[in-house]
Amino acid sequence: MRFLIIMVILSLSGCAQIRQDSMAQHCNQQSAYSQGVNDARQNVAMQPNYAKGCPNTPEQLNHAYRQGYKFAIAHQASKSNINTFETPQAYRCHDQYGQKICGYDCKSFAGQWTCAQKADQKCIQNMSEIKCGYHCQKDDLGQLSCEAEP
């Protein structure tokens with residue numbers, strides 16, 4: 001009987017930890033902003049209450065979500081540039097020493113983030129050097145280059 005009680009207590013504490021980890025991952029402004037961008041890009045209706053279930057600062061989280069959603073709507077790629085072979089890249093935000101760095105196909109080196117500014121751009125990396133743009137490539141000497149236009 002004692003074993004059964006201990007197992008119940010352990011399983012309940014595991015559920016609490018899972019819930020706490022999920023809230024830590026989703027109940028922050030960067031995640032809210034990124035989810036807003038991704039929802040808009042995938043033509044998902046704007047969530048009226050993104051922060052439902054988040055205990056702290058729901059107004060700020062909902063605001064960040066709406067900002068991300070509006071940003072994606074305002075910066076959508078041309079509808080005529082559709083590639084059916086690739087899934088759209090997710091818009092992501094990363095913390096860089098207290099500053100929010102956002103974009104597509106983000107790469108980092110030693111805590112420094114670099115992201116492409118358009119969904120159809122890619123980033124390429126050679127150790128600490130990161131370049132983003134169109135038709136990115138690395139030559140035989142390791143030099144990186146990207147074009148500014150598609």
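One-based numbering along the sequence shown. Nothing here was measured: the structure is a model prediction, and the numbers come from that model.
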Review point. Taking everything shown except H94 itself, do over 12 heavy atoms lie less than 6.0 Å from its NE2?
Key: yes
Exercise for review: Please report the C-alpha distance between K100 and C102 in whole Å, then the side-chain angles of each, then the deciding distance to 0.1 Å, and finally whether the side chain to side chain contact (heavy atoms under 4.5 Å, CB included) criterion is met.
Suggested key: CA-CA 6 Å; K100 183 168 63 168; C102 301; 3.4 Å; yes
Under 3.5 Å, which donor-acceptor pairs do the side chains of residues 135-150 form with other protein atoms, sequence neighbours left out?
from	atom 1	to	atom 2	distance (Å)
D139	OD1	L141	N	2.9
D139	OD1	G142	N	3.0
D139	OD1	Q143	N	2.8

Study note, to complete from the structure: N38 and A90 have their tightest heavy-atom pair at OD1-CA, 3.6 Å
Practice item. First locate atom CE of M46, then atom CG of N62, and finally report the distance between them rounded to the nearest 0.5 Å. Key: 10.5 Å
Check your understanding: Are Y69 and Y33 close enough that their ring centers fall under 6.0 Å?
Key -> no
Under 3.5 Å, which donor-acceptor pairs link side chains of residues 104-115 to any protein atom two or more places apart or in another chain?
from	atom 1	to	atom 2	distance (Å)
D105	OD1	K107	NZ	3.2
D105	OD2	C123	N	2.6
Q112	OE1	Q96	NE2	3.3

Review point. Is it the case that more than 12 heavy atoms not belonging to K70 sit under 6.0 Å from its NZ atom?
Key: no
**Study point:** Backbone N/O of C27 and side chain of S31: donor-acceptor pair under 3.5 Å
**Key:** no
Practice item. Determine yes or no for a side-chain-to-main-chain donor-acceptor pair under 3.5 angstrom, with Y65 supplying the side chain and A51 the backbone. Key: no
Exercise for review: List the atom of V37, the atom of Y91, and the distance in Å for their closest heavy-atom pair.
Suggested key: CG1-CB, 3.0 Å
Point to revise | Derivation of the side chain to side chain contact (heavy atoms under 4.5 Å, CB included) call for I130 and I124 | key: CA-CA 6 Å; I130 302 171; I124 190 170; over 6 Å; no
Revision key, fill the gap. Across all chains, not counting sequence neighbours, the salt bridge (charged side-chain N to carboxylate O under 4.0 Å, His left out) partners of D39 are none
**Study point:** Verdict with reasoning, H63 to R66, per side chain to side chain contact (heavy atoms under 4.5 Å, CB included)
**Key:** CA-CA 5 Å; H63 180 72; R66 286 189 299 275; 4.1 Å; yes
Practice item. Please check if the side chain of Q125 supplies one atom and the backbone of M127 the other of a donor-acceptor pair under 3.5 Å. Key: yes
